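In what follows, a structure is listed as structure tokens, so that the remarks can point back to it.
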Amino acid sequence: MKDRTRGGTRWRRFAVVMVPGVAASAAVGVAVAQGALAASFSVSGQQFKVQAGKMVGEDFVQYGALDQNSKGAHPVAVVGVNHATINNLCQSVVVPIPLIGQDVSMKLTAGDKEAVDAKQLYIDAEALKADAQFEDIDIGVSVDDTLKGKGAGKGPGPHAGDKYVPGSFAQQAKRVTFTDAKQRAWATTAGTFTLKGLKMKVGFGKDECFKDSELE
């Protein structure tokens, strides 16, 4: 059999390639509702926003799962990489305070001069928009076979503790580059997360990395 050489693949909006992942998340939701799986990962009641000027990830995987909080289960598309460098990172969360009728915002920024470095990074995203380039990508592989070193696995494999439908849809790539990335997420986990030039600001009102309309 003649070997096929695979180059880079570009999508103007990463949401295009996330569609199958969302479908996989829906399948997980059905399994949870039927009692076949327990929802994974207990999260807070607030989503948060993350923006990055550029993120380069080595050993990429994406699959569907569920996060759980007091209001129920939330389908997510989990994006995982073994190693990532991130420039111009911004993270924001807005917490409504009913007793005073105001919002309180927390915003973190880092990586404006020296890139943020993360290992074993997983992001549980509800929505994501970016310019994306994938190198050596496989779409439609089994999530069980995405661990690097296991057969044709290229990614970090599913995160420990995540509940997903065995054999369900996933995609993997040797390398991914996101530019002008914006996402709304329920959780982020990492083995190590090194932030150079970290700045934090807390105050009343909404102070977010971007507006919801920018995800449309």
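In this chain, numbering begins with 1 at the start of the sequence shown. Fair warning: this is a prediction, and the values are worked out from it, not measured in the lab.
- In this structure the side chain of Val104 reaches within 4.5 angstrom of the side chain of Val202, judged on heavy atoms.
- Judged by distance alone, with hydrogens and angles left aside, the side-chain atoms of Lys119 form no donor-acceptor pair with the main-chain N or O of Phe193 at under 3.5 Å.
- Each of Asp136, Asp59, Asn82 was compared with Lys154 under the side chain to side chain donor-acceptor pair (under 3.5 Å) criterion, and only Asp136 meets it.
- Between Lys174 and Glu135, no side-chain nitrogen of the basic residue sits less than 4.0 Å from a carboxylate oxygen of the acidic one, so the salt-bridge criterion is not met.
- Under the 3.5 Å distance criterion, the side-chain polar atoms of Asp144 are matched with a main-chain donor or acceptor of Gly167.
- Of the possible polar contacts, none joining the Glu114 side chain to the Gly111 backbone as a donor-acceptor pair under 3.5 Å is found.
- Side-chain heavy atoms closer than 4.5 Å link hydrophobic residues (I, L, V, M, F, W, Y) into clusters, and following such links, even through other members, never connects Tyr122 to Leu147.
- Here the CZ-NZ distance, from Phe178 to Lys129, works out to 15.0 Å after rounding to the nearest 0.5 Å.
- Salt bridge status for Lys196 with Asp117: absent, with no side-chain N to carboxylate O gap under 4.0 Å.
- Taking NZ from Lys107 and CD from Glu208, the interatomic distance works out to 8.5 Å, rounded to the nearest 0.5 Å.
- Taking every heavy atom of both residues into account, Pro158 and Val143 meet most closely at CD-O, 3.6 Å.
- Placement of Val141 and Val79 in two distinct hydrophobic clusters is found when ILVMFWY residues are connected by side-chain heavy-atom separations under 4.5 Å, directly or transitively.
- Closest approach of Thr146 and Gly157 over heavy atoms only: OG1-CA, 3.4 Å.
- Taking every heavy atom of both residues into account, Leu215 and Ala127 meet most closely at CD1-CB, 4.1 Å.
- Side-chain atoms of Asp162 and Tyr63 include a donor-acceptor pair closer than 3.5 Å.
- Rounded to the nearest 0.5 angstrom, Asp124 CG and Trp186 CH2 are separated by 11.0 Å.
- For the atom pair Met200 CE and Leu195 CG, the distance stands at 12.5 Å (nearest 0.5 Å).
- The backbone N or O of Ala118 sits nowhere less than 3.5 Å from a side-chain atom of Thr192 that would complete a donor-acceptor pair.
- When atom types are taken as modelled, the side chain of Lys49 and the backbone of Phe210 share a donor-acceptor pair closer than 3.5 angstrom.
- With values rounded to the nearest 0.5 angstrom, Gln47 atom CD is found 11.5 Å from Ser92 atom OG.
- No donor-acceptor pair closer than 3.5 Å links the side chain of Gln51 to the backbone N or O of Lys182.
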Before giving the answer on side-chain contact (heavy atoms from CB on, under 4.5 Å), spell out for Arg175 and Val81 the whole-Å C-alpha distance, their side-chain angles and the decisive distance to 0.1 Å. CA-CA 9 Å; Arg175 181 183 175 96; Val81 292; over 6 Å; no

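- Under the 4.5 Å side-chain heavy-atom criterion for grouping Ile, Leu, Val, Met, Phe, Trp and Tyr, Val116 is connected to Val50 within one hydrophobic cluster.
- Considering only heavy atoms from C-beta on, Leu108 comes within 4.5 Å of Leu198 through its side chain.
- Between the side chain of Gln172 and the backbone N or O of Ala152 there is at least one donor-acceptor pair closer than 3.5 Å.
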Would Ile139 and Phe169 satisfy side-chain contact (heavy atoms from CB on, under 4.5 Å), going step by step from the backbone distance to the final call? CA-CA 8 Å; Ile139 300 175; Phe169 176 96; 3.7 Å; yes

Quick one, Asp103 with Val95, criterion side-chain contact (heavy atoms from CB on, under 4.5 Å). Give me CA distance, side-chain angles, the key distance, then yes/no. CA-CA 6 Å; Asp103 295 325; Val95 181; over 6 Å; no

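- In this structure, CG on Asp112 lies 10.5 Å from CG on Leu89, to the nearest 0.5 angstrom.
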Could you please spell out the steps behind the side-chain contact (heavy atoms from CB on, under 4.5 Å) verdict for Lys150 and Asp145? CA-CA 7 Å; Lys150 179 182 178 181; Asp145 297 327; 3.9 Å; yes

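- At least one donor-acceptor pair closer than 3.5 Å links the side chain of Ser105 to the backbone N or O of Gly205.
- Looking at heavy atoms from C-beta onward, Gln183 lies in side-chain contact with Ile123 at the 4.5 angstrom threshold.
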